[in-house]
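Contents: one structure, followed by commentary.
Counting begins at 1 with the first residue of the sequence. Just follow the structure's listing: the first ligand is 1, and inside any ligand the first atom is 1. Remember, it's a predicted structure, so these values are computed and weren't measured experimentally.
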Amino acid sequence: MKHLLDITTSTLASSCRFWHGTLASKTTAQPKQMLILFDQEGNPECRLVREVLTELNLDVIVAPCPAGGLNITKFKSVFNGVSPPMLVDLNSPSVTKGAIEIVRYLFKQYKEMQAPREFAGILKSSLTSKLATGVRFGAGIKARPSQQPDLPLILYSFESSPFSRPVRERLCELELTYILINLGKQQFSDMGPANFHWTLKTYRPLPNTKRDEFFRRHGNVQVPYLIDPNTSIEMFESKDILRYLQQTYAV
Ligand SMILES: N[C@@H](CCC(=O)N[C@@H](CS)C(=O)NCC(=O)O)C(=O)O
């Protein structure tokens with residue numbers, strides 16, 4: 001029942017944002033060094049950045065900074081009181097702070113264009129993003145006591161995915177650093193849940209994409225999908241992943 005409520009409010013949160021963070025560009029090229037995002041999953045500004053990362057099809061190392069946790073204290077002392085979101089790009093190299101500046105930077109650096117109007121109009125976006133945080137009752141904002149693994153976890157997801165959001169929230173609350181592999185939708189037949197695709201033919205992702213690689217490995221595309229190199233587990237199903245994170249890392 002709790003999980004059903006979770007998925008329902010997560011779907012509502014995506015609707016508040018008009019399902020931004022669903023579609024992804026067809027290019028799959030990633031920068032040499034993975035981008036690093038200092039993030040707080042439930043923070044309205046951080047959401048705007050993650051939407052753009054999905055849409056530009058960029059993967060990122062997420063360093064979660066929930067309120068009241070150890071990371072945010074370190075983060076604020078090193079970066080002079082700045083709050084997330086903050087993006088570190090070792091390729092340029094550069095450090096960019098705040099949603100507006102990061103969104104502009106990402107479009108300029110990785111799409112060679114100015115941010116489109118809907119992203120530049122950050123005020124409207126931030127209101128709907130605050131609403132999205134509200135319908136999730138502030139999940140993914142405050143730290144929960146946790147024990148830390150040696151290696152970052154790996155999560156396949158895309159920003160608006162209602163099943164992936166509760167997993168990202170829990171990763172954030174437990175301050176677990178993870179590599180976020182974005183598998184946004186690149187064609188019409190990618191739409192829909194994992195067990196149904198909008199095509200009369202046999203479903204295939206676009207060739208030579210991250211989705212295609214995932215499909216070849218698993219015979220389908222489904223997110224969330226978690227890999228934990230610390231325990232060698234790999235798993236589908238949001239409910240099972242949430243239980244696993246709680247049992248393995250919450251104290
Ligand atoms: N029962 C699964 C459902 C997962 C699911 O349907 N995920 C959607 C995204 S929200 C998906 O993978 N859709 C297929 C796709 O993106 O190609 C769970 O709870 O994790």
At under 4.0 Å between heavy atoms, is it the side chain or the backbone of [X] that contacts ligand 1, or both, or neither?
| X | result |
| --- | --- |
| Phe158 | side chain |
| Asp190 | backbone |
| Lys239 | neither |

Please tell me whether [X] and [Y] have a donor and an acceptor in their side chains that are separated by less than 3.5 angstrom.
| X | Y | value |
| --- | --- | --- |
| Gln186 | Arg211 | no |
| Arg47 | Thr133 | yes |
| Ser189 | Thr199 | no |
| Ser92 | Tyr105 | yes |
| Ser238 | His3 | yes |

Interfacing atoms of ligand 1 (cut-off 4.0 Å, heavy-atom, [X]):
| X | result |
| --- | --- |
| Val221 | 12 (O), 14 (C), 15 (C), 17 (O) |
| His197 | 17 (O) |
| Pro224 | 20 (O) |

Problem - Under 3.5 Å: N/O of Gly192 near N/O of ligand 1 - result: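 It does: an N or O of Gly192 is found under 3.5 Å from an N or O of ligand 1.
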Handout entry: side chain to side chain donor-acceptor pair (under 3.5 Å) between Asp190 and Tyr203, worked out
Key = CA-CA 8 Å; Asp190 291 342; Tyr203 170 68; 2.5 Å; yes
Residue, atom name and distance, where the atom is the protein heavy atom closest to [atom]:
| atom | value |
| --- | --- |
| atom 10 (S) of ligand 1 | Ser161 OG, 3.0 Å |
| atom 11 (C) of ligand 1 | Ala194 N, 3.6 Å |
| atom 2 (C) of ligand 1 | Glu237 OE1, 3.3 Å |
| atom 15 (C) of ligand 1 | Lys185 NZ, 3.2 Å |
| atom 19 (O) of ligand 1 | Ser238 OG, 2.6 Å |
| atom 17 (O) of ligand 1 | Arg211 NH1, 3.0 Å |
| atom 12 (O) of ligand 1 | Val223 N, 2.9 Å |

Practice task
Determine, using the 4.5 Å side-chain heavy-atom cutoff (strictly less than), whether Ile233 and Leu176 are members of one ILVMFWY cluster.
Solution key: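 Yes, Ile233 connects to Leu176 through the hydrophobic network.
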Problem - Electrostatic pair Arg17-Glu159, nearest N-O below 4.0 angstrom - result: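 No, Arg17 and Glu159 are not salt-bridged.
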Problem - Met191 touching ligand 1 at heavy-atom level, < 4.0 angstrom - result: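 Contact absent.
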Practice task
Determine, stepwise, if the pair Ser146 / Gln148 fulfils side chain to side chain donor-acceptor pair (under 3.5 Å).
Solution key: CA-CA 6 Å; Ser146 63; Gln148 293 298 307; 3.0 Å; yes
Handout entry: Close side-chain approach of Leu226 and Tyr156, heavy atoms under 4.5 Å
Key =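 No, side chains not in contact.
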